[in-house]
Every structure is written in C-alpha cells, then in structure tokens.
Participant: 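Got a structure for you, questions after.
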Amino acid sequence: MTGPVTVADIRAARARIAGRIVRTDMAPSPALAAIAGVPVHLKLESRQTTGSFKLRGASNAIALLTDEEKARGVVAASTGNHGRALAHAAKLEGMRAVICISRLVPQNKLDEIRSLGAEIRIVGASQDDAQDEVDRLVADEGLVMVPPFDHASVIAGQGTLGLEMLDDAPDAAMVVIPVSGGGLAAGIATAVKGVNPKTKVIGVSMARGAAMKASLDGGRPVEVEELPTLADSLGGGIGLSNRLTFAMCRDLLDDVVLLSEAEIAAGIRHLYAVEREIAEGAGAVGVAALLTGKISPCGPVVALVSGRNVDMNLHRQVVNGERTEFERLDAIATGRAA
Ligand SMILES: *Cc1c(COP(=O)(O)O)cnc(C)c1O
C-alpha cells in the first residue's frame with residue numbers, strides 16, 4: 001500500500017530535520033509497567049524545542065520550500081504549538097513568518113510568538129476570522145501557508161517520531177498517541193506500520209469534541225462542537241474538506257480511545273508525581289489511557305508524551321489534586337455529580 005506519505009518520505013524527513021530538532025529520550029516507566037502488566041516506555045517529546053513535536057512537521061515543511069517560496073515567507077493561523085513551532089523554524093531559516101490570531105488570545109501566548117521574531121496580525125474575534133486573514137495574506141502578499149496537520153510534509157515530519165520510537169524499542173507491540181487533526185497519528189502510524197506492520201497504533205482523544213473519532217465513526221469528516229478541555233491542543237476540527245489525515249487515520253489506526261477530563265487530569269498528575277515530567281493535557285492522554293485500563297496491551301508499549309506547554313497555574317491546580325473547571329463542566333455535561 002502506498003499512501004500520500006510513505007516511510008521513505010519519513011526517512012527523508014528525518015535526515016532533513018536532523019540538525020533542527022532534538023532527538024528526544026525514551027524512558028522506561030516501571031510504575032506504568034506494573035499497572036499495564038507489560039513494559040512501558042515513555043517517548044518524552046515534551047522536551048522538544050518549543051515544547052512540542054510540532055517543530056518536526058514545521059521544520060520539514062519549511063526545509064522543503066523552494067528558495068523563491070522561502071523569500072516570500074510563511075503564514076499560519078495557529079496560536080498554539082504549531083504557531084510557535086513555525087515561528088521558531090522560520091527564524092532558524094532567516095525567513096519571514098506571520099501568525100494570525102484573534103483578539104481573544106491571551107497576552108502570554110502573543111509574547112511567546114513575538115519573542116521568536118514572528119509578526120503577529122490580530123484580527124477579529126475567532127479562529128475563522130484569523131484564517132480569513134491567512135487567506136488574504138496568501139492571495140495579496142504571496143505568503144506560503146503551512147497548515148498544522150493536513151499537509152504531506154507536515155505529516156512526514158511528525159512521522160519521524162515513529163522511526164525514533166522503533167529504533168529505541170524495536171519490540172514495541174503497541175504505540176499510544178494523542179489524536180486531534182491527525183497529522184501526528186497519520187505520520188507515526190505510517191512509520192511504525194512501515195517498519196513493523198504488526199505493531200498496533202492506538203489514538204487517544206478527549207471525550208468531548210473529538211472530531212477525528214466522530215469522523216471515523218461517521219465514515220467521513222464531520223464537524224463537532226469545540227468544548228473547553230484540559231487537552232486544549234487537541235481541540236478543533238479536522239476540516240470538512242480534509243485531504244489526507246482522515247483517510248490515513250481510517251486506514252492505519254487500530255482504535256481511538258476517548259477520555260474524560262478527570263482521566264486526563266490523572267495522566268498529568270501521574271507524569272508529574274511519579275515520572276517527574278511536566279506535560280500539558282494533550283501530552284498526557286497516552287499515559288492517562290494506560291492508567292484507565294481502557295486499552296489492553298499485549299506486549300511492550302510506547303506512550304508518547306507529545307507536549308508540555310501548559311499554563312502553570314492550571315498545572316499546579318491539577319497536580320495539587322484540586323478539581324479544575326474542566327472536570328466540573330465535564331461532570332455536569334455527562335450527568336455525574338458536579
Ligand atoms: C497538535 C498536538 C497534538 C495533536 O496533533 P494532530 O496532528 O493535530 O493530531 C497532540 N499533542 C500536542 C501537544 C499537540 O500540540
């Protein structure tokens with residue numbers, strides 16, 4: 001089977017971005033192994049430069065631009081981990097980067113992106129307004145859009161994580177990874193199944209607002225309401241005209257597991273208290289899924305910790321065992337005692 005992104009593309013991406021990203025550590029977790037009954041390894045991509053794996057895809061996409069495109073510069077509408085990664089990768093290349101955001105984005109996120117040298121355009125009051133500005137900049141100023149997930153070079157960049165996982169744990173029977181737009185899952189699954197077709201790849205999302213899961217269940221890309229979640233980096237849709245990641249996730253993922261806000265909080269807490277790692281909600285869902293017993297591994301497991309860009313006040317609340325606003329809203333929505 002040859003899809004839009006191949007293992008060869010991912011191997012080429014690995015060589016291309018080698019000097020621009022950190023090859024992150026893999027650490028055994030005896031505590032999770034005791035719970036899961038099989039060896040568990042944590043791929044600590046939370047330690048990646050810019051705090052998430054998004055730098056892999058952004059770096060690969062930028063490295064593949066022509067000189068003429070590099071001279072024009074890049075643009076994206078993400079204020080989260082993709083925006084930060086793109087700003088960093090563009091700066092390394094000495095390129096112009098414009099990040100479009102709505103008025104609602106908090107000042108600290110603005111400051112982070114600005115400190116990486118990117119230009120910021122503040123437009124409107126929603127992500128849609130920001131995307132309109134991206135489209136305008138592409139049309140009027142010739143900037144090149146680098147989307148956060150539905151793009152072959154971005155998927156190949158994220159897939160380099162799958163190669164590193166199997167290099168460090170060649171006997172892995174299962175890898176567990178977060179899923180939002182599916183660029184990460186599509187890339188890792190392509191790499192892992194390309195190297196070892198028997199390895200299972202399990203996706204994890206938050207229960208409320210899981211666009212990829214709803215789309216897989218519906219057999220086509222669907223929209224879901226975006227709701228507040230501890231796993232904020234997993235929010236947002238997959239795009240009704242999704243070109244690549246929907247079909248790749250449909251063909252390559254063995255299962256997608258959903259978690260409550262309380263379960264995600266338990267994952268963050270375990271990573272901090274037991275593994276001594278700081279993770280954001282999206283980064284903790286793999287570990288959280290293992291803690292719940294919602295997945296039953298039959299051999300060595302690799303769980304990806306995908307990022308650490310969490311608001312530290314929120315993190316403190318979670319690790320102190322305080323109930324967050326997200327857990328309260330989740331309990332109300334699902335009819336459990338608030
Ligand atoms: C973007 C992101 C994800 C999800 O990646 P997709 O390619 O959108 O599925 C998971 N974790 C973190 C930390 C992220 O920033």
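The structure displayed is predicted, hence computed values, not measured ones. Just follow the structure's listing: the first ligand is 1, and inside any ligand the first atom is 1.
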Participant: Apply salt bridge (charged side-chain N to carboxylate O under 4.0 Å, His left out) to the pair K294 and D255, showing each step before the final yes or no.
Facilitator: CA-CA 11 Å; K294 283 182 177 171; D255 198 6; over 6 Å; no
Participant: Only counting residues at least two apart or in another chain, list the ones meeting side chain to side chain donor-acceptor pair (under 3.5 Å) with S29.
Facilitator: E275
Participant: Less than 3.5 Å apart, N/O on ligand 1 and N/O on the protein: could you list those pairs with the distances?
Facilitator:
| unit_1 | atom_1 | unit_2 | atom_2 | d |
| --- | --- | --- | --- | --- |
| ligand 1 | 7 (O) | G183 | N | 2.9 |
| ligand 1 | 7 (O) | L184 | N | 2.9 |
| ligand 1 | 8 (O) | G181 | N | 2.9 |
| ligand 1 | 9 (O) | S180 | N | 2.8 |
| ligand 1 | 9 (O) | G181 | N | 3.2 |
| ligand 1 | 9 (O) | G182 | N | 2.8 |
| ligand 1 | 11 (N) | S306 | OG | 2.7 |
| ligand 1 | 15 (O) | K54 | NZ | 2.7 |
| ligand 1 | 15 (O) | N81 | ND2 | 2.8 |

Participant: Under the side chain to side chain donor-acceptor pair (under 3.5 Å) test, which residues partner D67, sequence neighbours left out?
Facilitator: none
Participant: Closer than 4.0 angstrom, basic N to acidic O: yes or no for D132 and R136?
Facilitator: no
Participant: Residues two or more places apart in sequence or in another chain: which of them pass side chain to side chain donor-acceptor pair (under 3.5 Å) with R250?
Facilitator: none
Participant: Apply salt bridge (charged side-chain N to carboxylate O under 4.0 Å, His left out) to residues R308 and E45 and explain how you reach the verdict.
Facilitator: CA-CA 9 Å; R308 66 163 178 227; E45 186 70 4; over 6 Å; no
